[in-house]
Every structure is written in C-alpha cells, then in structure tokens.
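Lettering follows sequence order; numbering is per chain, from 1.
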Amino acid sequence: MDDAHSHPAVPSDPQSSKEVEEAGKDTQELSEEIPKSAELFATGMTSALERDPKFDLVSIPVQQERPRAVKLPLGHPKFKTFSLAFIPDEGKSAPPEEEASDEKEAENAEVQEEEELKEEYERPEQYTRIKPPQDIVKLEDRLYYVLQPPLETWARDLKVEFPFKPFPYQFAGIAFLYARYAALLADEMGLGKTMQTISTIRLLLRSREVRSVLLICPKPLLKNWEREFQLWAPEIPITILGGDSAKREYQWNVVDVPVKIANYELIMRDRDYVLDPDRTFDLVVLDEAQRIKNTSNSTAKVIRAIKRKRSWALSGTPVENRPDDLVGIFEYLSPGYITPSMKSAKLAELTSDYVLRRTKPEVLDDMPPKMFRDMEIDLGPTQREVYDLAEDKGVLKLNDLGHELTIQHVFVLVTRLKQICNFEPVTKESSKLDQLEAELEEVAASGQQMLVFSQWVDSLDIIEERLKRFNPLPYHGRIPHKKRNDIIDRFKHDKRHKVLLMSYGAGGVGLNLQFATYVFLFDRWWNPAIEDQAINRAHRIGAAGPVTVTRFISANTIEQRIDEILTEKREMFDTIFSDQPSPSSMGLCQEELFGLFDIRGPQGKIDVAA
Amino acid sequence: MSKGKVATSSAFGFLTALSHPQRGNFGGYLILNANGRPLEFHCTAPVKANRAQEILYGPTLDSYLLGEVIGVTLVEKASQKPDFLCIDHPAMFSVRESLNLPVLQILQTPPSPKEETQEFIPWEPQSAAENTLQFRRGCNQIAVSSSYPSDERNVSDQFKEMLESFDLSEPFERIRDAIQEAHQGSRPAA
C-alpha cells in the first residue's frame, strides 16, 4: 500500500506538466485521508484476522488529450509545360522518282537486300547532330534544329546515298552549314569543302528548306563543280550558266533547275538578270570567296547586291594578307557585323560561330607529326662581303629609279640576294651547303632518306656535285618528264640514293614521297603555301613516321626579313582562326616587298610582277 | 521507317527526364514520325517533391514523380497518341498504369556528361528493374514491365521492323539537349 502511495501515476504524456502536477496532488490528498486512529488497534495475529478488511479507492486519470493532426498535402505538384508542334513533313523528304527498269531493279535487288540487312543491325559509330547557330534566338527555332535526327540516320531515311562514306569531320561540316544563314567554310585545301557544300545543298533541297541555289566560282572550277555534283548529288538538276545572251537569259529564268552555277565574270556580265528585283535566291554560295575581300571591287558590290536568304562563303585562305580580308567576306555574309578597325582577337571572338576551319592534322588521325626546325646560318666571310655590297648597291639603284621603280625591280634585287645567300657566285662558298652535308651524314647513317628543295636548278646542280657520295638524284624542271617516274622509282626502292634534289616547281604537287622522313628547304619560297605543298610530299597519309622539316635561313639577310614577315602573317592567321596552323597562300604583297629595303613604292598603279 | 515499309502518318513517343540538384526534375516528351523526324515536343518546368512526399512515397518516389506526375502529364498534353512509348528509366513504367499503350524501356549506356551541361544529370540507373522482361531487337536492348508482358507484341506491325532497325536510344539524347536548351534562359539568378 505504501508502495502504491509512494509512486504517483505517471502521465502518459511526460510533456504535459499540468497532468504531472495533478497526479502529485491526488497522491497527497490520498495520504491525508488515511485515519491516524489505525495506530490504536490491538496488535496480534487473531485480532488482525477478526478485523474487517478496509479498502481505499484511488482514482488515477489515464485519459489523454487528443493528439493534434497535421495534414500533409500529397496531391500532384503543379508545374508548367512547354509544347512545340512541328509542321508535318509527310512527302517532304521523298526523293525524286527515278525511272528504273525492271531488269536493273532485279539486278540490284539482291545486293540491296544484303546491304539493308546489314544496315539494320548496325548502329552508326557516331552521330552528328545539327546545333543551332548562336544568332538564332527564338526558342522554337533553336529546338527545331536540336530535335532533328542525326545526319547519319537522317540521310539514310531521306534515301540520300553517298558514293563514299563521308568522314566524321565532313558530317560535322554539313551540320554546320545546314543550320546557318551566314557561314564561312574555311577548311584547309583538300578536306572536301566542295563535297560538304554539295551534300548540304542536297539535304536542304530534299527537305525543301531551299528551292533555288546560285553557286558562283572561278571559271576554271566550273567543270569541277559539275563533276562533283554528278558524283555527290546525281539526282539534283544543275545548270552551268554560259553561252550567248539569249541562252543565258533562258537559263536565268528556268525554274525547274534548282542549282545554277556561274563564274564571277559572268555574274558581272549578267548583273541585270541576277539583280532583277523579282529574283531572290534561297542560297548563294561563293567558292574562293577571297575574290570579294576587296569591298570596293565591282564584282564584290554586285554579289553583295544579290537578293538572297542564305549566304555561304568557301575559302581555304579567308585571310591572305590582313584581317581586313575577313571583313570583306563578312560584308557579303553579314554586312556591318565586323569592321576593319577591330583587333584580331575581337574578330576571332565575333566570327567564331560563323567560321568553320579544320586542318589535315586536326581531322586526319593517321597523319604523322610534322616537326619544324628553323636553322639560322651565318654567311661565310666571302658570302657576307659580296652580299653586303650587292644589297647596298641594289638599294641605291632602286632609289635612283624614282617614279620608274616597279615591283619587278625589287624582285630582281631580292632574287639576286637570295642566290648569294645560297652560294657566293664566284667561289661557290656556301654555309648552307656545309650544314646540309653535315646533316646528310647523320641522316644517311641512320638509314633514312631526305628531300632537299631549292628555288633554283643551278643551286641544285651545285648541291648534287658536292653530295655525290650520297648518290643524289635530281628532280627538277630540266629533267624530261619521261625520266621523272624512273627517278622517283629509284629513290623509293634503292636505298643507296640518300637524297632527292627537287625544285619547288617540279616537286610541288602530285608526288607521294611519304617514305622520306627528312625535308630540307635549302632556300625559302615566297609563299608558305608552296612550301607546304613541297613538305606535304613527304608528310602524307601513310607516312612511316614523323617528318622533320628543316628550314635554312641566312642570318641578317633578306631571307630573315622575309621569314619575319611570313611568320607575322602566320601568327595573325592563328589568332583569328584559333590555333589553326596553316595560313595557306600568304605571300608577300607589294608593300611588304618594298618594305624589305625600307623604300616606298611610287604613287599610283604599280606593275605587278608575274 | 526506312525502306518505305511503314506509313509516315504513325508516330511513336520517347519520354525521359533530367535531374537538377537544386531545381528538381525536368521531363521531356518527343513524338517522332516513322522517319524519325520530330512531330511534337513537350517539356516540363522543374518538378520537385516536397518533404512529405519524399518521406511518404519513400522508395516509390521516383516512380511517382517520373511516371505518374511528369510522364502522364506530358503524354496527355500531346495531341497525338503514339503507337508505343519508349522510356529510359524503369521508374517511368508507372506511366503504364494510366495509359493504354505499350511501354518499352530502352536499355542503354548512360550518356557521358557533357562539360557545358554538367548541372543537368541524366537519371541513374538506366538498367532494367527486377520485375521486367528483357529481350533484344536489332541493336536495341528492350525491357517491358512483367505486369504487361504483351506490350512488345502489341507494338503495331508497322513499327515491328523499327524495333530492329532504328536506334531507339538516340532520340533520348535529342530530348536531353532540348530540355537543356529550353531551360538555359530560365535559370534562377545566382
């Protein structure tokens, strides 16, 4: 009992202090009710048994307060949605009906079936998606491009077949052009600007994005474009504009031929047709677009006036001399977007979304590395003496010419000085040849072969004489054509011939010499593009290993000054086209040639050297 | 689709979602024609579960959010009913309870996160759930819910070939890019 009294009822909710207090109060009251007289009862077992048991009733509250309920909302969260519906393109992408004979169909059926089966189970190695250009700001327009299928599957579904499977970078080029209303495709020569352009035009025509295309190119390239269209888009009708006035008028007005191809001169001749206010082209493409870099040029003015929706420019050399060249092309692409006063870095930033430029090393994985070594060589004592005398006298002579001075006079002096840098005219002293001989010793000892390029056959003759023990083979303009193949064959298969002596002209194009791993430029050509062609004889797809290119430069001479100008141009090009290594045809302009001798050209028109 | 063996008037759908650590889930739904060209695209503003939903739905939260909330909303929003619906996450199978159309999960390798879009995260994992039936069609590894084992058979004949010849994982990439494109301009101020 005492125990029961000493332990008050514990409220179920210890948080409720009120209940605790009340429970304590009840216990106290209970103790007070027990009569004190109980202590007066007789003691003993019998007496205790005789007494009636006495019970005390204790009430302990157990009822608790009702818990508070918290309502948790579990309904669907509300959110906004964005919707975009596309215009159905049913029938839009259907290829033109081709009339195929039953026999032809039967002939191809088996092969096609085989190809289709194979195609069904192959997932493309990679997908090329069209990305919206930055100048498209409307979300619906951007999503239009984002949601299109990859080019690889899209072309398949449009039944667009390619004669050769395009490289991934070529698909990327097509995706770049497809979405752009203003674009400059500036890939290095040989990467397929023509193919990418034709394939994009084909896709645009097939998806009815464009219906009329005008392609303008230099006259010698007309046939090439025609040939390439037949190869890459055989179902697309094209017209090469030409012939007499009546014929051209008809050609301009014919509507069922979606692609018209014209040369620059014809555009000038037919400016009235092409600038007809009722004529608008969905797309105008300029090949070799550097032709319009001079904004004041009349051809450029006419071309800029052509009414069009899309403007594309193609050029492997969009910047030949100065950043302004790019401004000229952009006056056609997007007038006023960039200005001549802009710095190269700013130009690069502004134009990056409009320009696509790739180089061979960048996109062709199997190209070996190419290492450049510029070797400054001091002239021999006699060479230096003769050189200084020739330069001093030459400059005096140029200054004396006054207004009769032409660019040819400068060329003559430069040529003379460069020849002295190669050999002293009388003694044939040559620091370069001494160095070359030492280098060849090492190359030959390692079992390798080298190519040596010079601008002059006379220089090659002297080199050949000195290097006889290495069995040199000459390959230049004085070697009859019928003997040239034999020379290449001997160099390729007979490893005793350690060196091939080539002139830039004869060895510049069309030769595959990828087994030679060393290239020496004994003297420098005016234009890096020509040098690049020469170097690329050895540095080609399939080359056995890295190619080392050594460029000889005579210190403190005209060669060094020319090299500085060309290097500066390369750097300018690299700045604009973000680390692109090839400046292509960046030769010396008239001003720069005069500048070599710190003389100014006469006012007015200057005759340009051939 | 290719080879002209199916009519171009039919459509099929793709449903996916991207997760954003702060903003929630972004749903995207793309309807393609038989040539793989887009017909309709719908996407949601970010959807986030509240704390109570997180606790009470527990492990079924993804299924609730991605399927019942986002999936059903988007599919019902579209004007066209697709022949079948492709999903890339098993949690979206719950959409099947509300929609009378075959639902196929396309099993695929999770796309590698792109540098410029790291704030959006594709849902993981993209493997099949336990209660699914898996099979292969052409280049596609497909799963259907074991509650609806005939879903693959219910794909209409005209699309049967597509299951073999069309890379059904590719359109999800388009939706993910489109979601990011759509929400690039609507980010809250930092």
Using ring pair (Phe, Tyr, Trp, His ring centres under 6.0 Å) as the criterion, list what pairs up with B:F41, not counting sequence neighbours.
none

Given that the side chain runs from C-beta out, which part of B:L74 has a heavy atom under 4.5 Å from chain A: side chain, backbone, both or neither?
side chain

Hey, are the side chains of B:L30 and A:L147 touching, using non-hydrogen atoms and a 4.5 Å cut-off?
yes

Contact between A:K80 and B:T44 at the side-chain level, heavy atoms closer than 4.5 Å - yes or no?
no

Of all of B:I55, B:T73, B:I70, which one pairs up most often with chain A through heavy atoms under 4.5 Å apart?
B:T73

Between A:S83 and B:H42: side-chain donor-acceptor atoms closer than 3.5 Å:
yes

Just do the side-chain contact (heavy atoms from CB on, under 4.5 Å) check on A:T153 and B:F166 with the steps written out, would you?
CA-CA 9 Å; A:T153 54; B:F166 191 95; 5.8 Å; no

Which atoms of A:P150 approach chain B - backbone, side chain, both or neither, heavy atom under 4.5 Å:
both

Quick one: pull up CZ in B:R174 and CD1 in A:I130 and give me the separation to the nearest 0.5 Å.
10.5 Å

With a 4.5 Å heavy-atom cut-off, do B:I31 and A:F86 have their side chains touching?
no

Once rounded to the nearest 0.5 Å, what's the spacing between atom CZ of A:F79 and atom SG of B:C43?
11.0 Å

Where B:G36 and A:P149 come nearest, the two heavy atoms and their spacing
O-CG, 3.7 Å

Would you check if B:E40 and A:L84 make a side-chain contact, meaning some heavy-atom pair closer than 4.5 Å?
no

Does the side chain of A:R129 come within less than 4.5 Å of B:D177's, by heavy atoms?
yes

What part of B:S79 gets closer than 4.5 Å to chain A, counting heavy atoms only: side chain, backbone, both or neither?
neither

Is there a side-chain contact between A:W154 and B:R37, using heavy atoms and a 4.5 Å cut-off?
yes

In terms of heavy-atom proximity below 4.5 Å to chain A, should B:V47 be classed as side chain, backbone, both, or neither?
side chain

Spacing of CZ belonging to A:F82 relative to NZ belonging to B:K77, to within rounding of 0.5 Å:
11.0 Å

